[in-house]
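Residue numbers begin at 1 in each chain, while the letters A, B, ... track the order of the sequences.
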Amino acid sequence: MTAPREGFRRALAEHEDELLTCVHCGFCLPACPTYLRLGDEADSPRGRLHLMRAVAEGRLEPDSSAFDVHIDRCLGCRACEPVCPSGVPYGRLLEHARAVTRAHHRPSFVVAAVLAVMRRRTLTRLFGWAARALRGSGVAALLADLLPGRLATPFAMLAVTRPAVDTTSRTYDFAAAADRRPTVAILRGCVQAELFGHVGRATARVLRANGYGLSAAPGQGCCGALHAHAGDLDGARALARRNVDAFVESGAEYVVIDSAGCGAAMRDYGHLLEGDSRAEAARVLAARVRDVSELLAEAGPRPGAAITMRAAWDPPCHLVHAQGVDRAPRSVLDAVPGLEVVEAERATECCGGAGLYGLTHARLGNAIGDDKARAILATGADAVITANPGCQMQIAVRLRALGSRMPVRHLVEVLDESYAGRGDASANPEEHL
Amino acid sequence: MNATRPSPLLARGLEADLVRLLGRDAVLTGADRLLVYESDGLTRYRGAPAAVLLPGDTDGCAAAVALLHDAGVAVVARGAGTGLSGGAVPAEGAVIVGTARMNRILSIDATERRARVQPGVVNADLGRAARVQGMWYAPDPSSQSTCTLGGNVAENAGGPHCLKYGVTTRYVTALTVVGSGGRVCVFDRATTLHGALDVVGVFVGSEGCFGIATEIELALAPAPLEARTLLAAFDHTHEAGDAVTAILTTGLLPAALEIVDGATIRAVEASIYAAGYPLDAGAALVVEFDGAGPGLDDELNEAAELCRAAGARDVRLASTADGRAQLWAGRKKAFGAMGRIAPDLMVQDATVPRSRLAAVLRQVDEIAERHGLDVANVFHAGDGNLHPNLLFDRRDADQVERVERASAEIMRVCVDAGGTITGEHGVGLDKRGYMRLVCGADELAAMEDVRAAFDPAGRFNPGKVLPDRGEPIDRRERRESVGRAVELHDPADFTVTAAAEVPMHELQRTLAASGQWLAIDGPFVDDRSVGAVVAAGDDLALARSLGAVRDQVLGLTLLDGRGRVLELGGRVMKNVAGFDLTRLVCGSRGRLGRITRVVFRSWPLPREERFASLTTHDRPTLAAAIAALLAAPIVPLSVEVGGAASDTFEVLVRLGGSPAEVAHGAEVVERVLDRTVSWLDPTAGRERQRKLRRSVATAGARRVVTMRPSAGAFASTLDLLAAEPSARIWAIPDQGAAWVTGTGGGPSSDDTRAPEVVALETSVVGAFTPSESP
């Protein structure tokens with residue numbers, strides 16, 4: 001027992017210098033959704049870092065359940081990072097801590113299954129096909145209503161991914177009139193590709209409409225974010241290697257991502273693949289990762305047709321906290337005339353979706369999500385706009401749980417609709433993708 | 001396998017009782033999961049609790065404390081764990097009562113300008129909630145985004161803006177406290193006007209040794225509508241210090257005066273809070289002015305000129321909220337940013353008289369250099385409050401020891417300069433030993449006895465604040481003998497020492513000669529001596545604008561009922577070294593002993609003053625005028641009312657400050673009163689004040705009436721008074737205090753103290769006298 005324990009301890013001890021940058025000032029406490037709700041230091045970023053440091057120092061056994069429970073209960077929203085004056089790389093340390101706990105505590109069946117499915121493209125596609133069938137036939141919605149409590153959750157999440165409007169035949173291309181912009185390759189991802197294909201297609205359309213060239217990256221797959229967050233760093237690395245190869249191959253100038261969680265993960269590829277044969281390529285690629293809103297903001301973006309609507313912009317944690325992308329989405333929304341954008345109270349707080357959190361910590365995740373949903377309802381908005389599939393599902397599910405049918409849409413969907421409404425939208429009926 | 005083991009320190013039966021009481025999720029046990037509670041913001045000290053309780057309200061907290069105290073278990077209160085003196089590190093076997101789930105703002109009353117909060121409310125959250133109603137809560141410790149008001153009360157927290165607005169104790173108006181054995185007491189400062197001791201005053205800053213505050217009532221003020229900030233870069237710290245002196249001695253009263261030194265600048269600039277401070281500067285000075293707006297730019301420009309004259313090479317001004325936040329960001333997040341340049345940090349905290357700041361800083365730098373340590377200085381220069389941050393790596397035992405030695409030397413240097421060992425972080429665990437530098441055996445014994453009055457069994461935060469008995473006293477000779485009746489210190493210090501028998505008007509005259517004054521005013525002050533004013537503590541006309549009498553007292557000498565000569569407090573602006581016994585003496589009316597000497601803080605004389613007078617026969621008109629004045633977005637120096645129902649009433653509003661500020665105040669007064677007022681110059685105004693106050697000042701029989709500090713409560717008091725034709729009243733409605741002369745029915749005095757509070761006061765008095773004599 002001692003030898004492997006020592007190994008895991010060493011894993012954290014290697015990061016001791018990063019752990020030491022925490023001066024215990026506690027500025028992270030009010031930013032942490034779990035601390036705010038539970039009031040327990042052990043469920044705060046400072047507390048978790050304290051536990052990690054105790055493991056690194058050999059004062060706490062890496063297999064202790066205290067370590068497991070509190071490291072596991074973190075949403076990984078990284079709201080603590082922007083408020084940390086010492087710049088503790090919390091998200092990265094959390095992944096290493098999870099790698100330690102994972103070695104001692106087998107992940108739940110659901111988590112293990114999801115990670116396995118996302119690791120293999122065939123399984124991912126199979127899952128996607130089945131899920132779309134459940135969704136399209138209305139069975140998902142039915143099960144969400146019929147099944148009790150926790151069992152209903154996955155079906156509810158699935159049901160709300162159904163696009164409100166069918167946009168498959170939507171076409172427009174303003175490229176002829178636009179400045180030529182760099183060629184970009186879109187990360188399709190896993191959940192995003194299988195359940196939010198309409199978002200991916202909208203991303204392609206709005207990028208082209210703003211002058212970007214698109215290139216394919218055929219070998220790509222899941223970004224590995226869920227694996228890294230769950231402490232399956234080896235699994236994450238394998239997926240990262242595949243994506244590094246695919247996107248280097250594509251020759252695109254930027255990797256563009258319309259799922260904030262994936263963007264944050266890919267921006268961290270340099271660290272993830274440290275010491276790997278692809279380390280240098282990963283670092284270079286990571287520096288070329290952009291959220292779709294950043295590229296659109298850089299392009300202007302060109303204005304669309306008016307959409308008269310009051311919308312609550314809910315910035316995903318992994319966009320605003322992890323990637324520091326704050327203003328770009330607002331300037332994208334500014335390109336839509338008539339759109340009144342509001343922010344709910346505590347808009348930058350996590351929605352409780354947090355990857356698989358809704359499945360692993362349903363009660364707390366729902367409580368956090370319900371607070372989010374109530375705050376959004378209080379704005380009197382007609383719709384919620386966000387930029388991450390997990391957030392879209394969670395917010396929609398929690399809104400429905402409170403009896404609201406308020407639509408939850410991705411940023412690019414709204415811009416896409418605005419563009420499609422322009423008088424010149426059907427001028428070039430070329431079908432993309 | 002480890003986490004579920006019950007802590008060996010908490011008896012099983014007790015744990016089960018606590019779980020029954022509070023619920024499983026509010027009782028945390030198990031050594032592993034309690035590890036995170038072993039330290040607060042000062043990680044040098046560690047000690048894990050036997051359990052952590054997270055009650056949600058006063059009742060839960062009281063019942064839990066009762067169980068624990070019955071079982072002989074000590075209790076340590078913990079807020080956000082941001083304290084920097086190890087105050088929340090539990091003694092062996094102690095249980096932590098965390099306030100994180102007592103985090104509700106119970107009420108914000110706009111008409112009374114008061115907030116009631118649970119102790120776990122974060123300082124900045126109250127600030128935000130108050131702002132929505134146009135008010136603010138002034139004390140702003142640098143950790144305000146995370147620290148809790150309960151912790152602020154326990155530590156008597158300060159902050160950059162305390163220069164102008166004072167520290168936490170000035171704002172606490174009432175407390176609900178879970179005391180010894182779980183007994184719940186309500187302490188209300190209004191009762192001091194009825195002869196009660198200022199129990200709230202001594203509780204604030206007691207570092208969890210007197211009990212746990214579970215509800216806190218705080219005074220709010222109108223939010224300053226505008227602020228202007230400047231950042232001046234200097235080559236040397238002493239130049240920045242000269243600029244501070246120049247600014248203060250010209251009569252400007254900034255809201256904040258903060259210095260960061262070169263090492264701090266470099267740490268901050270390496271962090272995400274980079275504020276664009278010049279990297280090669282030796283020091284940067286942040287100066288802020290706030291108020292209604294008019295005149296702020298002039299003041300800022302004047303300060304900028306003074307900075308340049310003192311050698312500033314670069315002065316930046318900011319008037320937008322964003323720009324100001326940028327200039328501040330580097331200062332406010334300096335502590336966290338230190339993590340960038342060293343693994344560990346010893347944040348020191350001491351206060352010295354302002355005029356000694358530059359000399360002390362030089363000595364601090366020398367000490368650090370002698371011990372081969374890096375030091376980064378951050379300080380509230382306006383208050384003389386310095387924070388030398390010693391950088392080290394705790395894995396290096398030798399370095400740790402050098403930090404220890406350097407800290408001790410720094411403390412000694414500060415005390416020798418007439419300062420004290422802590423200005424705002426508290427004594428906690430860290431500075432117990434240094435208490436012997438500032439207190440003699442008698443003072444320590446008095447503090448111990450007062451503590452025992454609150455907590456006879458010693459179950460609240462044992463092992464904190466006071467040194468162990470029998471440790472040798474190391475206090476130097478008292479240098480401040482009462483040689484002269486009035487001793488004005490360096491003008492830049494804004495402190496004055498006076499013998500108790502000196503008449504107040506004489507003290508004011510002496511101060512006026514150097515452009516300063518004492519912010520104490522009321523009906524009785526003119527005929528009283530210094531000692532009498534402090535012993536009575538009821539001259540409160542300026543309480544809202546500049547603080548009560550107790551807020552002007554920095555230190556005093558008391559010949560107590562046991563014949564001891566107690567030197568309490570000091571002569572620095574901020575002082576949290578030990579329990580705040582000066583507050584007990586203020587307003588104690590001789591019950592504790594005889595005051596022989598008082599050290600006051602003084603203020604720059606307002607550059608301009610005006611009085612507005614409004615006379616009316618009509619009570620509703622009067623009540624409306626008071627309501628309008630209390631709701632106005634300005635804080636006049638004083639608002640007082642005098643008169644009689646059978647005659648006329650007069651409202652006197654005293655405005656003071658810069659000419660532009662006074663002009664603006666006058667405009668606001670005319671606007672909100674919506675009628676003609678007559679304006680008086682300072683001489684005529686003071687004459688009118690004397691006349692208005694004469695009836696209560698000279699009457700033999702007068703009684704105090706206290707009420708809620710709202711216009712509505714004042715109006716009801718007036719209504720009651722109407723039934724008393726011979727009665728005359730003089731009142732300060734913003735304090736909810738009135739003095740009535742004449743006989744008959746009418747408003748009655750309402751001393752609301754519960755028997756247990758009276759009993760507690762009796763034991764507190766017993767700490768100073770063998771037995772209380774009537």
B:Glu38 versus A:Glu41: any side-chain heavy-atom pair under 4.5 Å?
no
With a cut-off of 6.0 Å (strictly less than), are more than 12 heavy atoms of other residues, nucleotides or ligands near CZ of A:Arg363?
no
Here the pair of heavy atoms bringing A:Leu51 nearest to B:Asp32 is CD2-O, 4.0 Å
Quick check on B:Thr99 against chain A: is it the side chain, the backbone, both or neither that has a heavy atom closer than 4.5 Å?
neither
Applying a strict 4.5 Å limit to non-hydrogen atoms, the region of B:Ser142 in contact with chain A is backbone
Chain A heavy atoms under 4.5 Å from B:Ser143: which part of the residue, side chain, backbone, both or neither?
both
As a quick check of understanding, evaluate salt bridge (Lys or Arg N to Asp or Glu O under 4.0 Å) for B:Arg128 and A:Glu345, giving each step before the final call.
CA-CA 12 Å; B:Arg128 265 190 293 277; A:Glu345 278 282 300; over 6 Å; no
Would you mind checking which part of B:Asp344 comes under 4.5 Å of any heavy atom in chain A, side chain (CB onward), backbone (N, CA, C, O), both or neither?
side chain
Around atom CZ of B:Arg104, are there more than 12 heavy atoms of other residues, nucleotides or ligands at under 6.0 Å?
no
Is it true that atom CZ of A:Arg327 has more than 12 heavy atoms of other residues, nucleotides or ligands lying nearer than 6.0 Å?
no
Quick one: what part of A:Glu18 sits under 4.5 Å from any heavy atom of chain B, side chain, backbone, both or neither?
neither
Of all heavy-atom pairs between B:Ser145 and A:Phe27, which one has the smallest distance, and what is that distance?
OG-CD2, 3.6 Å
What is the minimum heavy-atom distance between A:Gly39 and B:Ala100, and which atoms define it?
O-CB, 3.3 Å
Do A:His24 side-chain atoms and B:Asp40 backbone N/O form a donor-acceptor pair below 3.5 Å?
yes
In terms of heavy-atom pairs under 4.5 Å with chain B, which of A:Ala54, A:Ala42, A:Ser44 leads?
A:Ala42
Interatomic distance, OG1@B:Thr148 vs CG@A:Leu29, rounded to 0.5 Å, equals 10.5 Å
Is there a donor-acceptor pair under 3.5 Å between the side chain of B:Arg101 and the backbone N or O of A:Leu38?
yes
In terms of heavy-atom proximity below 4.5 Å to chain A, should B:Leu35 be classed as side chain, backbone, both, or neither?
both
Report the residue from A:Arg46, A:His50, A:His70 that forms a side chain to side chain contact (heavy atoms under 4.5 Å, CB included) with B:Val36.
A:His50
Any donor-acceptor N/O pair, B:Thr146 side chain to A:Gly26 backbone, under 3.5 Å
yes
Go through the atoms of A:Asp40 and report whether side chain, backbone, both or neither lie under 4.5 Å from a heavy atom of chain B.
both
